[in-house]
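A short write-up of the structure that comes next.
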Amino acid sequence: VQLQASGGGVVQAGGSLRLSCAASGRTFSRSRYFMGWFRQAPGKVREFVAAISWSGGNTYYGDSVKGRFTISRDRAQNTVYLQMNSLNPEDTAVYFCAAGSGFIQSTIASSTRYDYWGQGTLVTVSS
């Protein structure tokens, strides 16, 4: 499984961005991977941002992004999106998408539950 994240860039505070994560690989379409987004700012630990079940019917968010970010997925396109609104400078980070198998809701925010990671895309929010 390969994950390719894109859509990062520079945006002013209050603005919006949409990140995409395209998945590929023979096993991805056959397996029921749940997908997540994490971020890591300089000097900080990796932080859970959002996750979505294989069906897309269940979504989960970190406290710092609830009400501002929306995760969605297009299973036909093997792509996951992260719509980010009302961005502020604290959202500046490298954003990573990840895929995991064996869904357990209580551990959805743990990076160790994810088997595959994309390369990251940088989001910079200027004040």
Side-chain angles (χ1 to χ4, degrees):
V1 174
Q2 294 81 43
L3 303 176
Q4 181 72 41
S6 62
V10 180
V11 62
Q12 287 191 328
S16 298
L17 277 176
R18 189 176 81 155
L19 305 183
S20 300
C21 176
S24 61
R26 287 187 299 173
T27 62
F28 186 85
S29 297
R30 297 199 303 265
S31 303
R32 297 190 171 198
Y33 288 109
F34 59 92
M35 301 292 294
W37 286 96
F38 289 76
R39 67 186 182 185
Q40 189 164 16
K44 295 189 177 182
V45 299
R46 191 165 293 190
E47 176 189 16
F48 170 73
V49 175
I52 188 167
S53 61
W54 174 79
S55 69
N58 298 95
T59 57
Y60 310 87
Y61 296 94
D63 289 340
S64 61
V65 306
K66 280 180 183 176
R68 300 188 298 123
F69 291 11
T70 302
I71 188 171
S72 61
R73 71 188 298 170
D74 183 336
R75 282 164 46 192
Q77 298 295 325
N78 289 339
T79 301
V80 176
Y81 303 99
L82 185 68
Q83 177 67 43
M84 306 186 295
N85 299 328
S86 302
L87 286 162
N88 59 63
E90 289 70 39
D91 296 315
T92 295
V94 177
Y95 284 71
F96 300 89
C97 62
S101 58
F103 177 80
I104 301 174
Q105 182 175 329
S106 62
T107 61
I108 197 71
S110 172
S111 61
T112 60
R113 290 293 293 117
Y114 294 80
D115 305 306
Y116 302 98
W117 291 83
Q119 85 289 1
T121 185
L122 176 62
V123 172
T124 302
V125 184
S126 61
S127 58

Checklist entry - Is there a side-chain contact between V49 and M84, using heavy atoms and a 4.5 Å cut-off? => result no
Next on the checklist: Would a single hydrophobic cluster contain both F48 and F69, if residues Ile, Leu, Val, Met, Phe, Trp and Tyr are joined by side-chain heavy-atom contacts under 4.5 Å?
Outcome noted: no
Next on the checklist: When you group the ILVMFWY residues by side-chain heavy-atom contacts below 4.5 Å and let the links chain together, are Y114 and L19 in the same group?
Outcome noted: no
Next on the checklist: For Y60 and F103, take the angle between the two ring planes, folded into 0 to 90°, and tell me which bin it lands in: parallel under 30, tilted 30 to 60, perpendicular over 60.
Outcome noted: tilted
Checklist entry - Is the backbone of A22 close enough, under 3.5 Å, to the side chain of T79 for a donor and an acceptor to pair up by distance? => result no
Item to check | Pair S111-R46, side-chain donor/acceptor within less than 3.5 Å | outcome: no
Next on the checklist: Given 3.5 Å as the limit, does a donor-acceptor pair link the side chain of R32 with the main chain of W54, or not?
Outcome noted: no
Checklist entry - Does a side-chain heavy-atom distance below 4.5 Å link R39 with D91? => result yes
Next on the checklist: Using 0.5 Å steps for rounding, measure from the CH2 atom of W37 to the OH atom of Y61.
Outcome noted: 12.5 Å
Checklist entry - Where does the angle between the aromatic ring planes of F38 and W117 fall among parallel (under 30°), tilted (30 to 60°) and perpendicular (over 60°)? => result tilted
Checklist outcome for this item: When every non-hydrogen atom of T121 is compared with those of G8, the smallest separation belongs to OG1-N, 3.0 Å
Next on the checklist: When you group the ILVMFWY residues by side-chain heavy-atom contacts below 4.5 Å and let the links chain together, are L3 and V123 in the same group?
Outcome noted: yes
Checklist entry - So which heavy atom on I108 is nearest to which on A51, and how close? => result CG1-CB, 3.4 Å
Next on the checklist: Is there a path of hydrophobic side-chain contacts, each under 4.5 Å between heavy atoms, that joins I71 and F96?
Outcome noted: no
Checklist outcome for this item: Correct closest heavy-atom pair for A93 and A41 would be CB-N, 3.8 Å
Next on the checklist: Main chain of Q83, side chain of T70: is a donor-acceptor contact present, judged purely on distance under 3.5 Å?
Outcome noted: no
Item to check | Considering all heavy atoms, the nearest S86-S16 contact | outcome: N-OG, 4.3 Å
Next on the checklist: Given 3.5 Å as the limit, does a donor-acceptor pair link the side chain of T107 with the main chain of I104, or not?
Outcome noted: yes
Item to check | Value rounded to 0.5 Å, distance of CE in M35 from OG in S53 | outcome: 12.0 Å
Next on the checklist: Does any part of the side chain of N58, heavy atoms only, come nearer than 4.5 Å to the side chain of F34, both counted from C-beta?
Outcome noted: no
Checklist entry - What is the distance from atom SG of C97 to atom CZ of R73, rounded to the nearest 0.5 Å? => result 11.0 Å
Checklist entry - Do Y95 and Y116 sit in the same hydrophobic cluster, where Ile, Leu, Val, Met, Phe, Trp and Tyr count as joined when their side-chain heavy atoms come under 4.5 Å apart? => result yes
Checklist entry - How about L17 and L87: do any of their side-chain heavy atoms sit closer than 4.5 Å? => result yes
Next on the checklist: Would you say that Q4 contacts Q119 through its side chain, given a criterion of any heavy-atom pair below 4.5 Å between the two side chains?
Outcome noted: yes
Item to check | Distance-only polar pair, side chains of E47 and S64, donor-acceptor under 3.5 Å | outcome: yes
